[in-house]
Amino acid sequence: MNCNEAEKKIPSFLRDDLDSSRLEEFVEHIENCPECKEELSIQFLVVEGLERLEGGNNFNLQEELLMKLEDAEHRIGVHRMLWYILLCLEAAVVTAIIVALCVVFRM
């Protein structure tokens with residue numbers, strides 16, 4: 001993902017509207033690109049800051065942005081784990097089918 005694509009995805013990230021693969025690409029780019037991370041921080045501060053000011057709540061937006069990025073990384077990890085589990089289950093099914101075919105054709 002390049003910087004233009006990442007910057008276009010910032011609003012979707014802030015709304016939690018990125019699918020797993022896009023989320024992973026976005027987070028990886030943000031972690032490795034200080035300019036895009038700064039743009040994410042600015043947009044997050046503007047969007048969330050305005051909402052909080054209207055509500056009169058106290059807040060630490062930098063901490064909340066870090067938590068949002070950590071949550072995204074956690075979701076990516078869960079998605080990967082589920083994908084690996086699915087692959088293992090598919091392998092087990094294929095193995096069971098091969099064993100069953102071997103048993104049937106030996107008779």
Side-chain angles (χ1 to χ4, degrees):
M1 176 175 291
N2 64 39
C3 291
N4 285 335
E5 293 171 333
E7 288 180 13
K8 289 178 185 176
K9 303 239 179 286
I10 289 174
S12 296
F13 173 77
L14 295 176
R15 289 189 311 268
D16 293 324
D17 285 342
L18 294 177
D19 63 32
S20 295
S21 62
R22 291 287 180 201
L23 180 62
E24 186 171 356
E25 290 175 18
F26 178 81
V27 169
E28 182 178 321
H29 181 85
I30 291 297
E31 288 176 347
N32 296 306
C33 180
E35 292 84 12
C36 288
K37 191 168 191 171
E38 179 68 22
E39 182 61 29
L40 172 62
S41 182
I42 290 167
Q43 288 191 38
F44 182 77
L45 291 172
V46 169
V47 170
E48 291 295 319
L50 288 175
E51 286 181 18
R52 302 296 172 80
L53 287 173
E54 290 173 358
N57 299 328
N58 293 333
F59 50 89
N60 180 344
L61 292 177
Q62 287 294 347
E63 180 72 25
E64 288 183 36
L65 177 57
L66 290 176
M67 289 174 53
K68 188 167 187 69
L69 286 167
E70 287 174 7
D71 179 60
E73 290 173 354
H74 174 73
R75 286 185 287 152
I76 290 166
V78 168
H79 181 263
R80 282 184 184 155
M81 181 183 65
L82 292 174
W83 186 77
Y84 289 129
I85 290 171
L86 177 63
L87 286 177
C88 290
L89 289 173
E90 288 176 351
V93 167
V94 168
T95 302
I97 290 170
I98 291 171
V99 168
L101 288 173
C102 288
V103 168
V104 167
F105 287 113
R106 285 187 182 166
M107 292 183 163

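Residues take their numbers from the sequence shown, with the count starting at 1.
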Original post:
Hey, is CD on Glu5 packed in by over 12 heavy atoms from elsewhere, all under 6.0 Å?
Top reply: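 It does: Glu5 CD has more than 12 such atoms within range.
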Exercise: identify the closest heavy-atom pair between [X] and [Y]:
| X | Y | answer |
| --- | --- | --- |
| Leu65 | Ser41 | CD2-CA, 3.5 Å |
| Leu18 | Lys9 | CD2-CD, 3.8 Å |
| Pro11 | Glu7 | CD-O, 3.8 Å |

**OP:** Go through the steps to decide whether Glu25 and Arg22 satisfy the test salt bridge (charged side-chain N to carboxylate O under 4.0 Å, His left out), and finish with yes or no.
**Re:** CA-CA 5 Å; Glu25 290 175 18; Arg22 291 287 180 201; 3.2 Å; yes
Original post:
Between Leu66 and Leu45, is there a shared hydrophobic cluster once you connect ILVMFWY residues whose side-chain heavy atoms come closer than 4.5 Å?
Top reply: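 Leu66 does not cluster with Leu45.
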Subject >> Leu23 vs Asp16 side-chain heavy atoms within contact, under 4.5 Å >> reply: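 The answer is no; the side chains never approach within 4.5 Å.
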Subject >> Shared-cluster residues of Met67, by chain and number - hydrophobic side chains joined below 4.5 Å >> reply: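 Its cluster mates, by chain and number: none.
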Original post:
How many angstroms lie between CD1 in Ile30 and CD in Glu38, if you round to the nearest 0.5 Å?
Top reply: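 So the CD1 of Ile30 and the CD of Glu38 are separated by 10.5 Å.
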**OP:** Using the test ring-ring contact (aromatic ring centres under 6.0 Å, His included), find all partners of Phe44 that sit at least two apart in sequence or belong to another chain.
**Re:**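 Partners of Phe44 by the ring-ring contact (aromatic ring centres under 6.0 Å, His included) criterion come out as none, since no residue qualifies.
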**OP:** Mind running side chain to side chain contact (heavy atoms under 4.5 Å, CB included) on Asn32 and Lys37 for me, showing each step along the way?
**Re:** CA-CA 8 Å; Asn32 296 306; Lys37 191 168 191 171; over 6 Å; no
**OP:** Determine yes or no for a side-chain-to-main-chain donor-acceptor pair under 3.5 angstrom, with His29 supplying the side chain and Ala6 the backbone.
**Re:**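 Flag not set: sc His29 to bb Ala6 has no pair under 3.5 Å.
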Donor-acceptor pairs under 3.5 Å, side chain of residues 83-99 to any protein atom, not counting sequence neighbours: which ones?
from  : atom 1 : to    : atom 2 : distance (Å)
Thr95 : OG1    : Ala91 : O      : 2.8

Subject >> side chain to side chain contact (heavy atoms under 4.5 Å, CB included) evaluation trace for Ser20 with Arg75 >> reply: CA-CA 8 Å; Ser20 295; Arg75 286 185 287 152; over 6 Å; no
